[in-house]
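Here's the structure we're looking at; comments come further down.
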Amino acid sequence: MSDPVLALSGITKAYNHGLPNEVTVLRGIDLSVARGEVVALVAPSGAGKSTLLHIAGLLDTPDAGTVAIDGADMTGKRDAARTAVRRQDVGFIYQFHHLLPEFSALENIVLPQLANGVSPKAATARAMDLLTQVGVDARAAHRPAALSGGEQQRVAFCRALANGPKLLLADEPTGNLDPATSETVFAALMELVRSTGLSALIATHNLELAARMDRQIRLEQGALTAP
Ligand code: ADP
């Protein structure tokens, strides 16, 4: 069997070490996401979900434990190596789109590819293809401010997938949208993920959306439980 795309083992994390306000956020997390698997991470606010996603995506380091991306153990790796894996293999989606306001939808998807050494022509073709998949191709030339909330989020999905990551990490990807928009935007995300065979860890408060993923895990008081 191939390695899991994400393997977390014995992850612990505390903030404010040694201070009176020390807070232990993660207490020994073990989690694997298999190739092509979409896992829902359900957690009450403050449970440590963002901390867990940041550690999984190599944006933060655990106090103890290991993070392996597609079989590569990143423990103790230098920043340059972590950044390279993060750029190439991990896509992030947040509750807010975080698109660059002065660039068009298309350019927002092209730029990360150029930073990764893709030619402008190939990057543009891929960006248009992704925008077409999520139904926002007609809005390619618009800046984010001229797009609806649902469209902005769809563009953010395309940007996260621009460099063909192996792992998608999403923190409440539809949490900022009204229920009807959330539904269609989530469907677009799932279609995109399934069509590329991506592995994903998607945090959501929405139990209906969680139920449509392959598996649910619950983060409570720093530990994972099955619901
Ligand atoms: P969630 O995403 O589940 O809402 P977070 O991972 O953002 O939770 O935070 C979990 C806990 O850790 C919270 O109690 C939060 O206040 C605390 N925390 C998060 N980041 C920091 C930090 N940089 N310094 C101190 N405490 C933090």
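Ligands are counted one by one from 1 in listed order, and the atoms in each one are counted from 1 as well. This one's a predicted model, so the numbers in the text were calculated from it and none came from an experiment.
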request  = Run the numbers on Gln88 and Asn163 for side-chain hydrogen bond (donor to acceptor under 3.5 Å, both in side chains), then give the verdict.
outcome  = CA-CA 6 Å; Gln88 186 56 55; Asn163 284 321; over 6 Å; no
task = Starting from atom 27 (C) of ligand 1, find the nearest protein heavy-atom neighbour and note its residue, name and distance.
result = Tyr15 CD1, 3.2 Å
key: Protein heavy atom at shortest distance from atom 8 (O) of ligand 1   = Gly48 N, 3.2 Å
query = Any N or O on Ser50 sitting closer than 3.5 Å to an N or O of ligand 1?
reply = yes
message = Can you confirm whether some protein heavy atom lies under 4.0 Å from atom 16 (O) of ligand 1, or whether none does?
response = no
request  = State if Ala43 counts as touching ligand 1 under the rule of any non-hydrogen atom under 4.0 Å.
outcome  = no
note = The protein heavy atom nearest to atom 4 (O) of ligand 1 is Gly46 N, 2.7 Å
request  = Without swapping roles, check the side chain of Glu37 against the backbone of Ala34 for a donor-acceptor pair under 3.5 Å.
outcome  = yes
ask   = Got Arg212 and Val38 here, is their nearest side-chain heavy-atom distance under 4.5 Å?
value = no
task = State whether the shortest distance between N or O atoms of Ala47 and N or O atoms of ligand 1 falls below 3.5 angstrom.
result = yes
Nearest heavy-atom neighbours spanning Val134 and Arg154 = O-NH1, 2.8 Å
inquiry  = Less than 4.5 Å apart, side chain to side chain, heavy atoms only: is that true for Glu151 and Val185?
reply    = no
note = Heavy-atom proximity to atom 5 (P) of ligand 1, picking from Val23, Val25, Thr24, Thr51, points to Thr51
Identify each donor-acceptor pair in which a side-chain atom of residues 18-29 lies under 3.5 Å from a protein atom, sequence neighbours left out, and give them as a table.
| residue | atom | partner | partner atom | Å |
| --- | --- | --- | --- | --- |
| Glu22 | OE1 | Gly18 | N | 2.6 |
| Arg27 | NE | Gln221 | O | 3.1 |

